[in-house]
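Atoms within each ligand, like the ligands themselves, are counted from 1 in listed order. Basis for what follows: all heavy atoms, side chains included, without hydrogens, waters or symmetry-related copies. When a residue number appears, it is its place in the shown sequence, counting from 1.
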Amino acid sequence: MAPLTLQPSPIKVGHIDDVQELRKSKLSKIPQRFVRDLAERPSLPAISESCFASGIPVIDLSRIVNGNPDEFYREILMLKTACTDWGFFQVISHGIDISMLESIETAAMDFFNLPLEEKQKYPMAPGTVQGYGQAFVFSEDQKLDWCNMFALGIEPHYMRNPKLWPTKPPKFRETIEIYQTEIRNLCKKLMKYIAISLGLRGEVFEEMFGAAVQAIRMNYYPPCPRPDLVLGLSPHSDGSALTVLQQGKGSSVGLQILNNNKWVSVKPIPNALIVNIGDTIEVLTNGKYKSVEHRAVTHKEKDRLSIVTFYAPSFEVELGPMPQFVDEINPIKYRRYNHGDYSKHYVTNKLQGKKTLEFAKISTF
Ligand SMILES: O=C(O)CCC(=O)C(=O)O
Ligand SMILES: [Fe+2]
């Protein structure tokens, strides 16, 4: 999420169709800007239900928080395997009430179902990432995602642009506040246990991150008549330290992760939250825990909602690989940099796999 000091630049993005409106218009042909080049199209097997990443580990957080020492160590070991082999896991018994998950989902859908004119009172200006619209579009010929987004900077408060906080639906702001407080606490817990799984002191990331940056993005993917031609969300890794993703109940399967060079779908578990490692953790651990490329695909009949929270260090923080992860066998792979600079770099480039992280990579040639 961009620091507020980032000024909208005179970027020309051309006309961006609102995909919910396209859907309503019952179009017979997908507009060309959404049609991906052949190499980028999701191949049909990849969007069939037979391609699930059934191996994505499921972490029971209550076993870590309240379990006996045996349960604690077993679950921490699972967490370590999840972060090393997958970069993704689902977390159950996470301590957030189901009613809270339902409230944010209702609030998000009530927002997306408002008339377009109402949503456009909170426009995402070209080149910025907060408000309603489509983020990461920087040119008139860039392909578009089959997705409507609404995003807000949450913490620290200076990230907030009050003009972009909707007054409708009535409880929208309040629900976001409560939900984001709970997700922040969950992120802190997860960072603590991720540190422990790496053999580090539990507090190390919390101390390093300072007043951690937090942002929310709601992604709404209407059904698409040609899911084989479009992408819901372009492949990318997240610029965060950690991302927590909630999928709407009854949503289509849509999140896919790149595992051994194959796109595999994440099968939703009811009331679980999906967690993934972001670029910051990859850098701090010198690549021991990697951020994993992921994307969203669409569905012919079903719509899909995801509510995503990004948790990252404060923008002033300078970071690079921690000395514990650098030795003769594991030479240093990333340079030190300022996280605010990385964040700015991330939000001013289109989503393109893991290309953004090249910002920090040390060339081995
Ligand atoms: O909708 C999804 O499942 C993916 C969302 C995502 O990766 C993101 O917002 O960064
Ligand atoms: Fe993502």
Side-chain angles (χ1 to χ4, degrees), residues 1-2 19 42 46-47 51-53 56 86-91 101 104-105 108-109 112 124 129-137 144-154 180 183 187 213-224 227 230-259 263-269 272-282 290-299 302-312 343 346-347 349-357:
M1 191 62 53
V19 284
I47 49 175
C51 249
F52 283 128
I56 288 187
W86 290 93
F88 264 85
F89 55 91
Q90 306 212 42
V91 57
L101 303 182
I104 191 73
E105 188 182 327
M109 279 322 301
F112 283 114
M124 188 182 283
V129 285
Q130 295 198 47
Y132 179 73
Q134 206 170 114
F136 305 105
V137 184
L144 299 175
D145 291 331
W146 192 266
C147 178
N148 283 340
M149 294 177 174
F150 178 73
L152 290 174
I154 303 288
Q180 285 293 280
I183 297 279
C187 288
V213 165
Q214 184 177 342
I216 185 170
R217 183 158 71 227
M218 298 165 168
N219 304 304
Y220 180 66
Y221 310 93
C224 178
V230 308
L231 286 176
L233 189 62
S234 302
H236 65 282
S237 62
D238 293 339
S240 55
L242 201 67
T243 301
V244 176
L245 183 146
Q246 176 182 337
Q247 308 201 68
K249 252 197 196 124
S251 279
S252 65
V253 174
L255 174 62
Q256 296 190 325
I257 67 177
L258 194 60
N259 187 258
W263 287 107
V264 285
S265 297
V266 177
K267 190 171 191 166
I269 299 176
L273 293 166
I274 296 170
V275 178
N276 65 280
I277 299 290
D279 295 342
T280 304
I281 295 292
E282 172 164 337
K290 288 192 179 59
S291 64
V292 168
E293 202 171 321
H294 53 284
R295 70 180 184 184
V297 295
T298 61
H299 192 278
K302 279 188 171 180
D303 61 354
R304 179 162 181 270
L305 171 73
S306 64
I307 300 165
V308 188
T309 304
F310 303 98
Y311 186 78
S343 193
Y346 188 93
V347 299
N349 280 279
K350 68 174 183 175
L351 298 178
Q352 214 177 348
K354 290 194 64 169
K355 194 161 185 295
T356 341
L357 197 53

Quiz item: At under 4.0 Å between heavy atoms, which part of Leu245 makes contact with ligand 1: side chain, backbone, both or neither?
Solution: side chain
Self-check item: From Lys350 atom NZ to Phe136 atom CZ, the distance as rounded to the nearest 0.5 Å
Solution: 13.0 Å
Quiz item: How many angstroms lie between CD in Glu293 and CD in Gln352, if you round to the nearest 0.5 Å?
Solution: 10.0 Å
Quiz item: In Asp238, which N, O or S atom comes closest to the Fe ion (ligand 2)?
Solution: OD1
Practice problem: Give the numbers and elements of all ligand 1 atoms closer than 4.0 Å to a heavy atom of His294. | Solution: 7 (O)
Quiz item: Closest N/O/S atom of His294 to the Fe ion (ligand 2), by atom name?
Solution: NE2
Practice problem: Pick out which of Val253, Leu255, Leu245 makes a side chain to side chain contact (heavy atoms under 4.5 Å, CB included) with Val266. | Solution: Leu255
Quiz item: Can Tyr220 and Asp303 be counted as having a side-chain donor-acceptor contact under 3.5 angstrom?
Solution: yes
Quiz prompt | For atom 6 (C) of ligand 1, the protein heavy atom that lies nearest, with its residue and separation | solution = Leu233 CD2, 3.4 Å
Quiz prompt | Proximal atoms of ligand 1 relative to Leu255 (non-hydrogen, under 4.0 Å) | solution = 3 (O), 4 (C)
Self-check item: Enumerated ligand 1 atoms positioned under 4.0 Å from heavy atoms of Tyr221
Solution: 1 (O), 2 (C), 4 (C), 5 (C)
Quiz item: Which of these, Ile274, Asn276, Thr243, Leu258, sits in a side chain to side chain contact (heavy atoms under 4.5 Å, CB included) with His294?
Solution: Asn276
Quiz item: Which of the atoms in ligand 1, numbered in the order shown and given with their element, are less than 4.0 Å from a heavy-atom of Asp238?
Solution: 10 (O)
Quiz item: Which option out of Arg295, Gln246, Arg217, Arg304 puts a heavy atom nearest to atom 3 (O) of ligand 1?
Solution: Arg304
Quiz item: With no hydrogens and no angle check, is any side-chain donor or acceptor of Trp146 less than 3.5 Å from a backbone partner on Pro222?
Solution: yes
Self-check item: Inter-residue atom distance His236.NE2 - Leu357.CG, 0.5 Å rounding
Solution: 13.5 Å
